[in-house]
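Indexing begins at 1, ligand by ligand and atom by atom, following the structure's order. Numbers here simply count residues along the sequence, with the first being 1. Keep in mind that the numbers below use all heavy atoms, side chains included, and drop hydrogens, waters and symmetry copies. Everything quoted here is computed from the prediction, not taken from an experiment.
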Amino acid sequence: MFGNHRTDVKSVDAESLAGLGLDGQFAVADTHTKDFVRLPRGSIVLQAGEAAKSWENLRDILEKMLEIDLTRGSWLSGIGGGVVCDISAAAASLYMRGLNLRLVPSSLVAMVDAALGGKTGVNFGGYKNIVGTFYPAHELLICSSLLTSLPEREYMSGLAEAIKTALLGDPELLTTMEDRSQDVASRDPELLEDIVWRCLEVKGGIVERDLTETGERAYLNLGHTFGHALEAVAGLGRWSHGEAVAWGLARAMELGVSLKITDPAYASRVIALLEQYRYDTERQPELTSRILAAMKKDKKRRGSGVRFVLQETLGSTQVVEVDDDQVIQVLGG
Ligand SMILES: NC(=O)c1ccc[n+]([C@@H]2O[C@H](COP(=O)([O-])OP(=O)(O)OC[C@H]3O[C@@H](n4cnc5c(N)ncnc54)[C@H](O)[C@@H]3O)[C@@H](O)[C@H]2O)c1
């Protein structure tokens with residue numbers, strides 16, 4: 001149960017998805033995901049990419065909803081990656097103060113993260129996700145076979161979030177990732193289904209206990225304080241979000257060890273797993289001062305030092321404010 005309504009999560013195969021009866025309903029997709037369902041007339045197809053998560057597109061979607069006379073009882077379906085899920089959910093939450101929302105996540109990031117948990121949003125004024133609401137989907141349809149067409153870099157981006165989710169609460173998933181890396185790399189459909197459901201279980205538990213991020217939900221930012229900063233300073237496209245998160249997970253492990261919070265054997269295990277999947281975990285010392293400056297600007301920051309999500313070990317997580325000199329040490333001087 002999230003807030004005032006439940007998210008009903010179901011598995012569907014690609015065929016059932018293609019045959020989904022959306023007539024008389026409304027849908028949003030992007031140029032790469034528009035053929036996964038039979039889109040109802042009047043649907044909106046966004047140009048694929050992060051730039052689509054804009055205020056202007058949100059307004060266009062709302063205008064279309066008004067034009068086709070959607071009511072509070074109508075359904076809006078968002079079919080796509082995190083971009084489509086976030087903007088569709090934002091529109092669904094705003095129109096008439098909320099209509100029925102179905103999300104069909106099609107990227108691994110969206111399946112294991114963006115589509116569950118109720119965070120909606122668009123980018124605005126140069127800031128990512130700065131305008132948004134909490135509005136969990138009423139229905140979430142998981143079709144892991146959609147992942148076969150996902151570009152490799154996007155897939156690896158989602159996998160970093162899946163590894164992070166395992167660290168937060170699923171020891172078996174971590175072992176699976178270690179033992180079956182070949183099957184993960186070849187996108188074995190049964191295995192992917194299992195990974196996605198396990199991640200939804202972990203994330204679902206966290207957001208059910210803390211929908212609006214007053215406490216535990218912040219743990220989902222494990223690796224992200226470092227990762228966001230690296231993404232911001234390294235130059236557009238140099239690191240994908242997931243690559244930066246994987247790098248950030250390695251830094252969070254090292255920071256935890258240096259503060260005597262993290263079990264060194266656990267940290268080594270996590271870094272070895274990231275390297276097994278060929279994520280770049282090397283320090284980037286030439287970027288240290290810029291990374292630190294970027295972290296200080298992060299909107300999630302409170303207090304004088306920067307706050308980090310750190311772990312003692314798998315499933316034992318805390319938020320710690322850390323002095324700059326200790327962070328600089330871990331970033332490599
Ligand atoms: N709401 C949340 O809790 C939450 C959590 C994590 C991320 N996000 C947001 O999600 C966004 C990132 O999500 P993303 O990585 O899915 O990006 P995305 O939606 O841009 O998708 C990545 C690319 O993959 C394409 N794609 C998606 N599914 C495909 C498929 N099955 N086959 C082929 N191509 C496919 C898309 O068209 C796009 O080009 C960011 O805006 C981020 O802020 C939100």
Side-chain angles (χ1 to χ4, degrees), residues 2 7 12 14 17-18 28-37 45-54 57-58 78-93 101 103-124 127-137 140-162 164-165 187 189 192 196 199-200 202-204 206-207 210-213 217-224 227-228 231-232 237 239-245 299-300:
F2 305 110
T7 298
V12 289
L17 194 61
V28 178
D30 76 18
T31 43
H32 297 151
T33 67
K34 64 181 173 36
D35 297 325
F36 294 151
V37 302
V45 176
L46 304 169
Q47 187 59 46
E50 183 69 29
K53 220 171 92 173
S54 67
N57 280 343
L58 175 60
I79 303 105
V83 165
V84 168
C85 290
D86 278 8
I87 195 169
S88 306
S93 76
L101 172 66
L103 291 178
V104 185
S106 65
S107 69
L108 190 54
V109 167
M111 286 188 202
V112 303
D113 196 357
L116 183 75
K119 280 191 181 178
T120 89
V122 293
N123 306 324
F124 184 74
Y127 291 91
K128 250 185 88 98
N129 299 324
I130 200 78
V131 170
T133 54
F134 284 100
Y135 195 72
L140 187 53
L141 299 184
I142 301 294
C143 178
S144 52
S145 66
L146 295 183
L147 296 172
T148 41
S149 58
L150 193 66
E152 184 63 15
R153 208 164 179 212
E154 305 294 349
Y155 180 67
M156 291 308 293
S157 213
L159 204 59
E161 296 289 357
K164 174 208 76 180
T165 309
R187 308 189 195 183
L192 280 183
V196 169
C199 288
L200 290 172
V202 173
K203 183 169 179 185
I206 293 173
V207 297
D210 179 22
L211 178 68
T212 55
E213 203 167 323
R217 187 164 184 164
Y219 296 171
L220 291 164
N221 292 323
L222 179 64
H224 283 62
H228 280 151
E231 242 185 313
W239 295 74
S240 73
H241 177 69
E243 289 162 353
V245 166
K299 69 172 157 42
K300 291 188 179 71

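Between Thr120 and Ala89, the closest heavy-atom pair is CG2-CB, 3.6 Å. For the residue pair Arg217 and Leu211, the shortest heavy atom distance occurs at NH1-O, 2.8 Å. Scanning both residues, Ile79 and Thr33, for their nearest heavy atoms gives O-OG1, 2.7 Å. Counting all heavy atoms, side chain and backbone alike, Leu140 lies closest to Ala115 at CD1-CB, 3.5 Å. Between Ser107 and Leu147, the shortest heavy-atom contact is C-CD2, 3.6 Å.
Of the options Lys128, Arg153, Lys203, Glu50, the smallest heavy-atom separation from atom 3 (O) of ligand 1 is shown by Lys203. Of the options Ala89, Gly121, Gly82, the smallest heavy-atom separation from atom 17 (O) of ligand 1 is shown by Gly82.
Between Asp113 and Leu220, the closest side-chain pair of non-hydrogen atoms is not below 4.5 Å.
Applying the 4.0 Å criterion to heavy atoms of Ala48 picks out, from ligand 1, the atoms 37 (O), 39 (O). For ligand 1, the atoms lying closer than 4.0 Å to a non-hydrogen atom of Lys53 are 9 (C), 40 (C), 41 (O), 42 (C), 43 (O). Atoms of ligand 1 lying under 4.0 Å from at least one heavy atom of Asn129, given by number and element, are 43 (O). Atoms of ligand 1 found under 4.0 Å from any heavy atom of Lys119, numbered from 1 in the order shown, are 1 (N), 3 (O).
Remark: ligand 1 and Pro151 share no N or O pair separated by less than 3.5 Å (distance only, no angle test). Ligand 1 has an N or O atom lying under 3.5 Å from an N or O atom of Ser149, backbone or side chain. Where the criterion is an N or O separation shorter than 3.5 Å, residue side chain and backbone included, Thr33 fails it with respect to ligand 1. At under 3.5 Å, a nitrogen or oxygen of Ser107, whether backbone or side chain, sits near a nitrogen or oxygen of ligand 1. Where the criterion is an N or O separation shorter than 3.5 Å, residue side chain and backbone included, Phe36 fails it with respect to ligand 1. Residue Gly49 has no N or O atom closer than 3.5 Å to an N or O atom of ligand 1.
The closest approach between a heavy atom of Leu147 and any atom of ligand 1 is not below 4.0 Å.
Summary of contacts: the protein heavy atom closest to atom 39 (O) of ligand 1 is His32 ND1, 3.1 Å. Nearest protein heavy-atom neighbour of atom 18 (P) of ligand 1: Val83 CG2, 3.8 Å. In terms of protein heavy-atom proximity, atom 44 (C) of ligand 1 is nearest to Asp86 OD2, 3.2 Å. Among protein heavy atoms, atom 26 (N) of ligand 1 sits closest to Leu150 CD1, 3.8 Å. In terms of protein heavy-atom proximity, atom 2 (C) of ligand 1 is nearest to Ala114 CA, 3.6 Å. In terms of protein heavy atoms, atom 6 (C) of ligand 1 is closest to Asp113 OD2, 3.4 Å. Of all protein heavy atoms, the one lying nearest to atom 36 (C) of ligand 1 is Asp30 OD2, 3.4 Å. The nearest protein atom to atom 27 (C) of ligand 1, hydrogens excluded, is given as Ser106 OG, 3.4 Å; this is a heavy-atom distance.
Shown are His224, His241, Lys128; of these, the side-chain contact (heavy atoms from CB on, under 4.5 Å) with Glu231 is made only by His241.
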side-chain contact (heavy atoms from CB on, under 4.5 Å) for Val104 and Leu17? Distances and angles first, verdict last. CA-CA 9 Å; Val104 185; Leu17 194 61; 3.7 Å; yes
